[in-house]
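Values below: all heavy atoms of this structure, side chains included; hydrogens, waters and symmetry mates excluded.
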Amino acid sequence: MRMIKSALLAASLLTLSWSASADETACRKVRFSDPGWTDITSTTALASAVLEGLGYKPSSDTLSVAVTLQALRNGDIDVFLGNWMPAQTEMVKPYLESGVEVVVTNLEGAKVTLAVNRSAWEAGVKSFADLHKFGDRFGKTIYSIEPGSSASEKLHAIIDSNDFELGDWKLSESSEQAMLSQVDRASRRNEWVVFLGWEPHPMNLKYEIAYLDGGDKYFGPNYGGATVRTLAHTAYLDQCPNLRKFFSQLVFDVKAENEMMHAILDKGMDPADAAEEWLKANPQVLERWLDGVTTIDGESGLPAVTAHLGG
């Protein structure tokens, strides 16, 4: 009987050991999606740098938001840091009822609306309603990003309806880079320019710009105010409670994302290198992000990540 009990105990311990090992293996890989937006590339790089210090193996695939949501539901992607709200409200709703959950709002204070450079602002252009009074100074032109974007469609609607008396203005649509080249050129020449601005983005560090009031009907209140949420595959986080805790505490701010995006876009840094540099310069965020979080082996998380970063 003792031999049978011993055998059963050994088998039970082996099963438990195998299960723990299987769970650890399942949690070790953290699969992100990045739609190719530099703000999400930045936050994903920051999260990945910390996870590597905890012993996880993060990876990232470039997928559209629509494909990302399907992949989250199917368990092919684990975490997505780029659920912009309210812009993606209708898109994400069906998935929140079938295996995808909102973990946390990871960014507040984002915005998108028309902006002007300093010379125009100081001369009195403070709102959408001010633009038509100074049409000649702006060449009756609004600069925006690529045709078909939701923001450009809103600007077309303003012109087509002659709202704010802008019916005889034109919308110059091009790439983000081309639009910002126009902002740069006008600012250097002390000329006026009105364009689509948003934050987080390094344009807020590189140029002296101000956002215009009065566009709530088209862009929403608070200068087109937005939040960004973290989404995850529910079953994955249920299996990996340490990761659930980490992602529930992984919250960014606009300043941090502006700085990260500046390093990537303007300084040409690799996202992983930019993340490591930023974390070394801002180690205080780790205390909040890693409160109660362990390494994958159960050790204290903060010392492990600090050591990983060379601190």
> Set out, in order, the CA-CA distance, both residues' side-chain angles and the distance that settles side chain to side chain contact (heavy atoms under 4.5 Å, CB included) for Leu290 and Phe246, then state yes or no.
CA-CA 6 Å; Leu290 296 173; Phe246 169 64; 4.1 Å; yes
> Run the ring-centre check on Phe134 versus Trp192 and record whether the distance is less than 6.0 Å.
yes
> Are Trp37 and Leu180 linked, directly or through other ILVMFWY residues, by side chains that come within less than 4.5 angstrom of each other?
no
> If I take atom CG from residue Asn258 and atom NZ from residue Lys206, how far apart are they, to the nearest 0.5 angstrom?
13.5 Å
> Check Ala49 against Ala275 and note the closest heavy-atom contact, atom names and distance.
CB-CB, 4.4 Å
> Below 4.5 Å, heavy atoms only, C-beta onward: do Leu166 and His132 meet side chain to side chain?
yes
> The test is side chain to side chain contact (heavy atoms under 4.5 Å, CB included); show your working for Leu54 and Ile296 and say whether it passes.
CA-CA 6 Å; Leu54 295 173; Ile296 196 168; over 6 Å; no
> Is any side-chain N of the basic residue among Lys255 and Glu199 closer than 4.0 Å to the acidic one's carboxylate O?
no
> Has Arg31 got a side-chain atom pairing as donor or acceptor with Gly75's backbone, closer than 3.5 angstrom?
yes
> Tell me whether Val285 is reachable from Val293 by hopping between hydrophobic residues (I, L, V, M, F, W, Y) whose side-chain heavy atoms are closer than 4.5 Å.
yes
> Is there a donor-acceptor pair closer than 3.5 Å between any side-chain N or O of Asp61 and the backbone N or O of Leu63?
no
> Answer with yes or no whether the hydrophobic clustering places Val183 together with Val116; edges join I, L, V, M, F, W, Y residues whose side-chain heavy atoms lie under 4.5 Å apart.
yes
> Report yes if some heavy atom in the side chain of Met85 is under 4.5 Å from a heavy atom in the side chain of Val228; otherwise report no.
no
> Can you tell me how far apart OG1 (Thr68) and CG (Asn83) are? Round to the nearest 0.5 Å.
10.5 Å
> State whether Lys267 and Glu277 are salt-bridged, where the test is any N-O pair (Lys NZ or Arg NE/NH1/NH2 against Asp/Glu carboxylate O) under 4.0 Å.
yes
> Which heavy atom of Ala129 sits nearest to which heavy atom of Phe164, and what is that distance?
N-CD2, 4.0 Å
> Between Asp168 and Lys140, does any NZ, NE, NH1 or NH2 come within less than 4.0 Å of an OD or OE carboxylate oxygen?
yes
> Give me the atom names and distance for the closest heavy-atom approach of Ala274 to Ile264.
CB-CG1, 4.1 Å
> Listing request: all ring-ring contact (aromatic ring centres under 6.0 Å, His included) pairs with a residue in residues 201-227, at least two apart in sequence or in separate chains.
Trp198-His201
> Okay, side chain of Ser300, backbone of Pro303: is any donor-acceptor separation there less than 3.5 Å?
no
> Within the 4.5 Å heavy-atom criterion, are Ile40 and Pro35 side-chain neighbours or not?
yes
> May I ask you to decide if Trp121's main-chain N or O and Lys126's side chain share a donor-acceptor pair within less than 3.5 Å?
yes
> The test is side chain to side chain donor-acceptor pair (under 3.5 Å); show your working for Thr227 and Glu108 and say whether it passes.
CA-CA 5 Å; Thr227 59; Glu108 295 183 343; over 6 Å; no
> Are Ser42 and Thr38 packed together at the side-chain level, in the sense that at least one heavy-atom pair is separated by less than 4.5 angstrom?
yes
> Show the nearest heavy-atom pair for residues Ala47 and Leu250, with the distance to one decimal.
CB-CD2, 3.6 Å
> How far does OG1 of Thr44 sit from CE of Met260, to the nearest 0.5 angstrom?
9.5 Å
> Distance check, rounded to the nearest 0.5 Å: Ile77 atom CD1 versus Ser59 atom OG?
7.0 Å
> Is Thr113 close to Phe128 at the side-chain level, that is, under 4.5 Å between some pair of heavy atoms?
yes
> Hey, does the side chain of Ser187 reach the backbone of Asp184 with a donor-acceptor pair shorter than 3.5 angstrom?
no
> Checking Lys133 against Asp130 for the side chain to side chain contact (heavy atoms under 4.5 Å, CB included) test, could you report, in this order, the C-alpha distance in whole Å, the side-chain angles of both residues, the deciding distance, and whether it holds?
CA-CA 6 Å; Lys133 295 181 292 185; Asp130 294 326; 3.1 Å; yes
> Test Tyr95 against Leu231 for side chain to side chain contact (heavy atoms under 4.5 Å, CB included), laying out the working first.
CA-CA 10 Å; Tyr95 296 93; Leu231 303 181; over 6 Å; no
> Considering all heavy atoms of both residues, which atom of Tyr236 and which atom of Cys27 are nearest to each other, and what is their separation?
OH-O, 3.3 Å
> Would you call Asp163 and Lys217 a salt bridge, taking side-chain N to carboxylate O under 4.0 Å as the test?
yes
> Within the supplied structure, the quantity of interest is the number of heavy atoms (other residues, nucleotides, ligands) at a distance under 6.0 Å from Glu146 CD; does it exceed 12?
yes
> Verify whether one side chain among Gln249 and Asp291 offers a donor that lies under 3.5 Å from an acceptor in the other.
no
> So does Ser119 get a backbone contact from the side chain of Asn190, meaning a donor-acceptor N/O pair under 3.5 Å?
no
> Got a donor-acceptor contact below 3.5 angstrom from the Asn242 side chain to the Thr294 backbone?
yes
> With a 3.5 Å distance limit and no angle check, can you tell me whether Thr295 reaches the backbone of Asp297 through a side-chain donor-acceptor pair?
yes
> Which value, rounded to the nearest 0.5 Å, describes the distance between Thr41 atom OG1 and Leu46 atom CG?
11.0 Å
> Do Val194 and Thr141 come close enough that some side-chain heavy atom pair is under 4.5 Å?
no
> Step by step, would you call Asp39 with Trp84 a side chain to side chain donor-acceptor pair (under 3.5 Å)?
CA-CA 11 Å; Asp39 59 325; Trp84 274 75; 3.1 Å; yes
> Under a 3.5 Å threshold, yes or no: a donor from one side chain and an acceptor from the other, between Thr62 and Asp34?
no
> Measuring from atom CG of Leu155 to atom CZ of Phe195, what distance do you get when rounded to the nearest 0.5 angstrom?
12.0 Å
> If hydrophobic clusters are built by linking Ile, Leu, Val, Met, Phe, Trp and Tyr wherever their side-chain heavy atoms come under 4.5 Å apart, do Val100 and Val102 end up in the same one?
yes
> For a ring pair (Phe, Tyr, Trp, His ring centres under 6.0 Å) check, start with the C-alpha distance between Trp289 and Phe247, then their side-chain angles and the critical distance, and finish with the verdict.
CA-CA 8 Å; Trp289 292 354; Phe247 283 113; over 10 Å; no
> Looking only at the side chains, is there a donor atom on one of Glu173 and Ser144 sitting less than 3.5 Å from an acceptor on the other?
no
> Is the backbone of Gly214 close enough, under 3.5 Å, to the side chain of Ser127 for a donor and an acceptor to pair up by distance?
no
> Give a yes-or-no answer on whether the side chains of Asp273 and Trp278 include a donor-acceptor pair shorter than 3.5 Å.
no
> Would you say Met91 ends up clustered with Val67 if hydrophobic residues are merged whenever their side chains have heavy atoms under 4.5 Å apart, either directly or through other cluster members?
yes
> Between the side chains of Gln182 and Arg185, is a donor N or O closer than 3.5 angstrom to an acceptor N or O?
yes
> Side-chain contact test, heavy atoms from C-beta onward, threshold under 4.5 Å: evaluate it for His233 versus Asp76 and give yes or no.
no
> Quiz question: by atom type and distance under 3.5 Å, do the side chains of Asp266 and His262 form a donor-acceptor pair?
yes
> Taking the side chain from Asn74 and the backbone from Gln70, do they hold a donor-acceptor pair closer than 3.5 Å?
yes
> Any heavy-atom pair between the side chains of Lys29 and Tyr56 that's under 4.5 Å?
no
> If you look at every heavy atom in Thr105 and Val251, which pair is closest and at what distance?
O-CG2, 3.9 Å
